[in-house]
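These numbers come from a predicted model, not from an experiment.
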Amino acid sequence: MLKRVLTVAALLCAGWATATEGVSDMATQLFGKEGAAKRVETGALFIDGRYVKGPYAVTREGNVILINGQIASRLKVEARAKAEAERQAALAAERAKAAEEAKQAAQDRETARRAERAAPKARQNIRGGLKERQAQQKRDKAIQDASGQSGFNTEATGGDPTALFEEADYTYTPPARPEPKAVPYIRPGAKQNLRQRIAARDERVAAAKAKTQAAEAEGADAEEVATENFDDLTEAEIDAYAKQFAKRRADLEKILANDCLLLLSSQSSGASYKGRTTMWRFVTQLGDLCAAGNANRLIAAWGKEIPRAYLRRIYDNRAANSTEMESLIRRANDALEDARRRSERRI
């Protein structure tokens with residue numbers, strides 16, 4: 001089915017221009033293209049931590065969203081019907097295996113019960129007639145009576161009155177070497193003076209911070225790339241994906257039109273946006289926070305609102321961002337000043 005769809009699409013789109021670099025030709029043929037509905041003059045856009053200057057034209061080619069001709073977001077594509085069929089087949093195989101194991105366990109239990117029921121009859125057959133069974137019962141009773149008696153002596157033997165206690169001799173035997181004196185345990189930290197304790201604490205804090213930064217850097221570098229698997233797609237899935245991608249393009253365009261801060265990743269569908277007031281505060285503070293020797297101040301100020309790994313990307317692109325964001329910063333300062341004046345007039 002997919003081969004037929006691709007063949008028809010290739011014949012119909014033979015006159016189309018080739019897809020943008022980084023965009024799959026097959027995705028463009030399957031899901032189509034979209035132009036920008038309008039050019040957006042507002043908003044602030046970061047792609048992979050780098051600021052993109054407006055105005056913005058949000059377009060789409062296949063499963064990729066482009067803003068001003070630059071890849072801004074890549075959406076995941078997979079054959080869900082085939083994956084669901086494989087998952088159901090795996091679940092059915094697991095259920096069949098569990099049922100077979102349960103059946104075998106029941107058979108084993110039934111075999112054990114039958115063996116237990118047959119055991120007394122086997123013993124009776126081995127012992128023979130009535131006399132043999134009575135003799136065996138007497139032997140069993142004698143063994144039971146003997147096992148209930150104590151193993152200690154009950155009377156003096158050999159005329160020695162102390163023989164009754166020969167099994168309870170608790171004579172003290174001194175050790176070959178004297179035991180060492182007990183030494184009280186003192187915590188290693190208690191042996192240090194105040195300066196040493198402070199230095200040890202600072203070392204632990206620095207190690208924990210370094211570990212956290214390494215984990216954040218690893219998470220930023222190991223960003224999951226959106227998978228693109230166009231094999232075994234059904235016609236219904238192709239139509240559903242086309243509608244989903246068109247809605248995503250319209251949503252991103254709407255976010256920028258609402259004068260929001262939009263953060264995107266070119267390798268995945270990850271996106272985050274903040275309102276206008278938050279955008280003003282962020283862009284006006286960004287220059288001073290990036291002036292430090294590392295990204296710690298920026299993360300400390302905005303780490304709860306913006307992903308820390310993305311803040312590190314913004315910090316890494318601080319030189320290029322400072323040049324491109326000059327007009328945006330002036331606009332944000334003017335907006336904050338107007339808001340301050342309006343608040344004073346209300347008072």
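- With contacts defined as side-chain heavy-atom distances shorter than 4.5 Å, the pair S272/I306 does not qualify.
- Between the CG atom in L311 and the CG atom in L298 there is a gap of 4.5 Å [rounded to 0.5 Å].
- Side-chain N or O atoms of R60 include one that pairs as donor or acceptor with a backbone N or O of G62 at under 3.5 Å.
- Between the CG atom of L262 and the OH atom of Y56 there is a distance of 9.0 Å, given to the nearest 0.5 Å.
- The cationic group of R248 does not satisfy the cation-pi geometry with F245, failing either the under 6.0 Å distance to the six-membered ring centre or the 45° limit from the ring axis.
- Residues N333 and E337 form no side-chain contact, since every pair of their non-hydrogen atoms from C-beta on lies 4.5 Å or further apart.
- Side chain of N321 to main chain of G49: a donor-acceptor pair is present (N/O by atom type, distance under 3.5 Å, no hydrogens or angles).
- Here the side chain of S322 pairs a donor or acceptor atom with the backbone of A319 at under 3.5 angstrom.
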Please list every donor-acceptor pair under 3.5 Å in which a side-chain atom of residues 275-287 meets a protein atom from a residue at least two apart or in another chain.
unit_1: T284; atom_1: OG1; unit_2: W280; atom_2: O; d: 2.8
unit_1: T284; atom_1: OG1; unit_2: R281; atom_2: O; d: 3.0
unit_1: Q285; atom_1: OE1; unit_2: W302; atom_2: NE1; d: 3.1

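- For R312 (side chain) and A309 (main-chain N/O), no donor-acceptor pair under 3.5 Å exists by modelled atom type.
- From L66, atom CG reaches atom NZ of K33 across 10.0 Å, with rounding to the nearest 0.5 Å.
- A donor-acceptor distance shorter than 3.5 angstrom exists from the side chain of D259 to the backbone of G43, with no hydrogens or angles considered.
- For the pair E253 and V40, the minimum side-chain heavy-atom distance is below 4.5 Å.
- Checking side-chain atoms of Q267 against main-chain N and O of R74 turns up no donor-acceptor pair under 3.5 Å.
- Looking at every heavy atom in both residues, A72 comes nearest to I47 through CB-CD1, 3.6 Å.
- With 3.5 Å as the limit, one finds no donor-acceptor pair spanning the side chains of Q29 and D25.
- Counting heavy atoms from C-beta on, the side chains of L256 and L252 never come closer than 4.5 Å.
- Using a distance-only test at 3.5 Å, with no hydrogens or angles considered, a donor-acceptor pair links the side chain of Y241 to the main chain of E78.
- Note that NZ of K243 and CZ of F31 are 13.5 Å apart. Values are rounded to the nearest 0.5 Å.
- Looking only at side-chain heavy atoms (C-beta outward), L233 and V77 come within less than 4.5 Å of each other.
- A side-chain donor-acceptor contact under 3.5 Å links Q196 to the backbone of N193.
- Of the charged side-chain nitrogens involved, at least one lies within less than 4.0 Å of a carboxylate oxygen, so that K247 and D251 count as a salt-bridged pair.
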Quiz item: Between S73 and V64, is a side-chain contact (heavy atoms from CB on, under 4.5 Å) present by the stated rule, with each step listed?
Solution: CA-CA 6 Å; S73 183; V64 175; over 6 Å; no
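- Within the 4.5 Å cutoff, the side chain of L261 has heavy atoms near those of the F46 side chain.
- A side-chain donor-acceptor contact under 3.5 Å links Q104 and D108.
- Formation of a donor-acceptor pair under 3.5 Å by the K274 side chain with backbone atoms of E305 is found in this model.
- I67 contributes atom CD1, which lies 11.5 Å from atom OG of S266 (distance to the nearest 0.5 angstrom).
- A salt bridge does not link K97 to E100: none of the charged side-chain nitrogens sits closer than 4.0 Å to a carboxylate oxygen.
- Distance alone, capped at 3.5 Å, is enough to place a donor-acceptor pair between the T42 side chain and the A257 backbone.
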